[in-house]
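Since the structure comes first, as structure tokens, the remarks are kept for the end.
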Amino acid sequence: MIVLGIESTAHTFGIAVIDDKRILSNERVTYSTTTGGMIPYKVVEHHIKNVDTVLLKALQKANVKLSNVDLIVYSESPGIGHMLRVGAMVARSLAIQLNKPLVGVNHCIAHLEIGRMLTGTKDPVMLYASGANTQVIAYQGQKYRVFGETLDIGVGNFLDSFGRALGLGFPAGPKIEALAKKGNNLIDLPYIVKGMDVGFGGLLTNLKTKIKTGKHTTEDLCFSVQETIFAMLVEVSERAIAHTDKAELLLGGGVACNKRLQEMCRIMCKERGAKLFVPANEFLIDNAAMIAWQGLLEYNTSKKSMKIEKASIKPYLRTDDITVNWR
Ligand code: AMP
Ligand code: MG
């Protein structure tokens with residue numbers, strides 16, 4: 001079966017083609033700025049402008065004709081409504097044009113399932129650290145349960161906002177990682193862990209004040225921010241592993257590309273005899289291959305297509321709202 005997946009929850013518009021076993025192509029364009037953050041209507045313009053090119057590239061790389069596609073999948077939830085609508089619109093148009101089944105999937109769960117497919121982890125706790133989402137997720141009783149999560153903003157959004165205050169542009173995560181390598185003085189920062197949850201809002205306010213005082217170097221601020229927030233994420237991940245009695249940690253989300261976060265997770269896993277699984281960066285960041293794979297899993301189980309008029313978007317649907325019937 002040839003599956004075409006469409007990702008469009010936020011800054012990335014992607015199209016991938018997969019078959020039952022392999023990823024044949026995984027194309028994307030990502031909105032970025034040199035200063036300031038992402039303004040939804042501008043991101044929509046960017047995505048719409050790129051639909052044709054990304055689609056063509058994905059088909060060409062996969063060496064597949066549009067008429068050979070058997071199933072269309074799109075990211076239905078969660079995400080920013082403006083951008084989700086672009087993906088849903090493209091998916092509905094293709095499903096009508098090709099007269100093929102259509103499936104909408106949850107983006108967070110797709111991150112977890114592509115991780116299982118690519119790395120071979122069977123029953124992991126996943127630390128999903130992305131722009132808008134920060135969750136510690138594990139399977140229990142037919143659902144992907146959220147054992148811990150951010151109480152305010154996602155860790156990536158926090159890094160991007162902190163980066164914006166430093167004038168770094170969007171996305172700031174990779175620039176902060178590079179600057180952090182040159183810092184070595186650990187500045188005392190608020191450490192916000194409440195039970196299994198984390199928070200970043202207070203830390204962001206604290207940092208904005210610190211930046212204004214001009215007392216610290218940008219490098220030291222970036223270094224200290226990474227050490228502090230990654231320790232928070234590792235702490236709640238470890239607690240979830242202990243609580244669920246699982247022995248595997250899987251990383252997902254763009255922030256998980258960060259080598260220091262990976263290193264800290266590796267140390268924690270080693271110390272407690274667990275195993276760490278890290279997919280390639282291409283599948284940690286938002287990508288359409290995971291959307292296609294998730295759709296295939298669900299379609300193989302249900303054999304059901306969405307009705308075109310019901311194929312809309314669910315910007316606020318949570319990871320734990322979905323019944324997992326494919327495992
Ligand atoms: P996603 O929403 O999963 O595509 O992830 C995007 C987020 O990941 C943005 O907030 C980026 O700033 C962040 N990000 C990407 N690469 C890195 C990195 N190397 N270190 C930290 N954050 C990163
Ligand atoms: Mg994501």
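Read the numbers this way: they start at 1 and go in the same order the structure lists the ligands and their atoms. The basis for the numbers below is simple: all heavy atoms, side chains too, and nothing from hydrogens, waters or symmetry mates.
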Ignoring hydrogens and geometry, is there a side-chain-to-backbone donor-acceptor pair from D19 to I2 under 3.5 Å? no

Going by the order shown, which atoms of ligand 1 are within less than 4.0 Å of some heavy atom of G253? 3 (O)

Can you pull out the closest protein heavy atom to atom 12 (O) of ligand 1? Residue, atom name and distance to 0.1 Å, please. D160 OD1, 2.8 Å

Tell me whether the Mg ion (ligand 2) has H111 as a neighbour, meaning an N, O or S atom of it below 2.8 Å. yes

According to the interplanar angle, ranging from 0 to 90°, do the rings of H107 and H111 count as parallel (below 30°), tilted (30 to 60°) or perpendicular (above 60°)? perpendicular

Are any of the N/O atoms in D286 less than 3.5 Å from those in ligand 1? yes

shortest atom 13 (C) of ligand 1-to-protein heavy-atom contact is with V255 CG2, 3.8 Å

Could you tell me whether E263 and R260 have a side-chain N and a carboxylate O separated by less than 4.0 Å? yes

Nearest-neighbour protein heavy atom for atom 15 (C) of ligand 1, which is reported as residue plus atom name and distance: G254 O, 3.4 Å

Among all protein heavy atoms, pick the one closest to atom 6 (C) of ligand 1 and tell me residue, atom and distance. H11 NE2, 3.6 Å

Would Y144 and V324 satisfy side-chain contact (heavy atoms from CB on, under 4.5 Å), going step by step from the backbone distance to the final call? CA-CA 7 Å; Y144 281 121; V324 177; 3.6 Å; yes

To which protein heavy atom is atom 19 (N) of ligand 1 closest, and what is the distance rounded to 0.1 Å? E177 OE1, 2.7 Å

So does N133 have any N/O/S atom less than 2.8 Å away from the Mg ion (ligand 2)? no

Test of geometry: compute the angle NE2(H107)-the Mg ion (ligand 2)-OH(Y128) and round it to 10°. 80°

So which of the N, O or S atoms of D286 lies nearest the Mg ion (ligand 2)? OD1

Select one of side chain, backbone, both or neither to describe which atoms of L159 lie under 4.0 Å from any atom of ligand 1, heavy atoms only. side chain

Under a 4.0 angstrom heavy-atom cut-off, which atoms of ligand 1 come close to G173? 12 (O), 17 (C), 18 (C), 20 (N), 21 (C), 22 (N), 23 (C)

Value rounded to 0.5 Å, distance of CD in Q226 from CD in E177: 6.0 Å

Any Lys/Arg nitrogen of D123 or R327 sitting under 4.0 Å from an Asp/Glu carboxylate oxygen of the other? yes

Apply side-chain contact (heavy atoms from CB on, under 4.5 Å) to I187 and T228, showing your working. CA-CA 9 Å; I187 304 160; T228 306; over 6 Å; no

With under 30° as parallel and over 60° as perpendicular, where do the rings of Y31 and H46 fit, or are they tilted in between? perpendicular

Quick check on contacts: which atoms of ligand 1 are under 4.0 angstrom from a heavy atom of A172? 12 (O)

With respect to atom 20 (N) of ligand 1, which of L168, I229, N258, L284 exhibits the smallest heavy-atom separation? N258

Check ion pair K314-E76 (N to O, under 4.0 angstrom): yes

Working to the nearest 0.5 Å, report the span between CD1 of I176 and CZ of F162. 5.5 Å

Do the side chains of L296 and V73 get nearer than 4.5 Å, heavy atoms only? no

Atom 7 (C) of ligand 1: which protein heavy atom is closest, and how many Å away? G131 N, 3.8 Å

N or O contact, C257 vs ligand 1, cut-off under 3.5 Å: no

Below 4.0 angstrom from a heavy atom of P171, which ligand 1 atoms are there? Numbered from 1 as shown, please. 11 (C), 12 (O)

As an exercise, identify every atom of ligand 1 less than 4.0 angstrom from a heavy atom of G156. 10 (O)

Check E27 with K61, please: is the shortest side-chain N to carboxylate O separation under 4.0 Å? yes

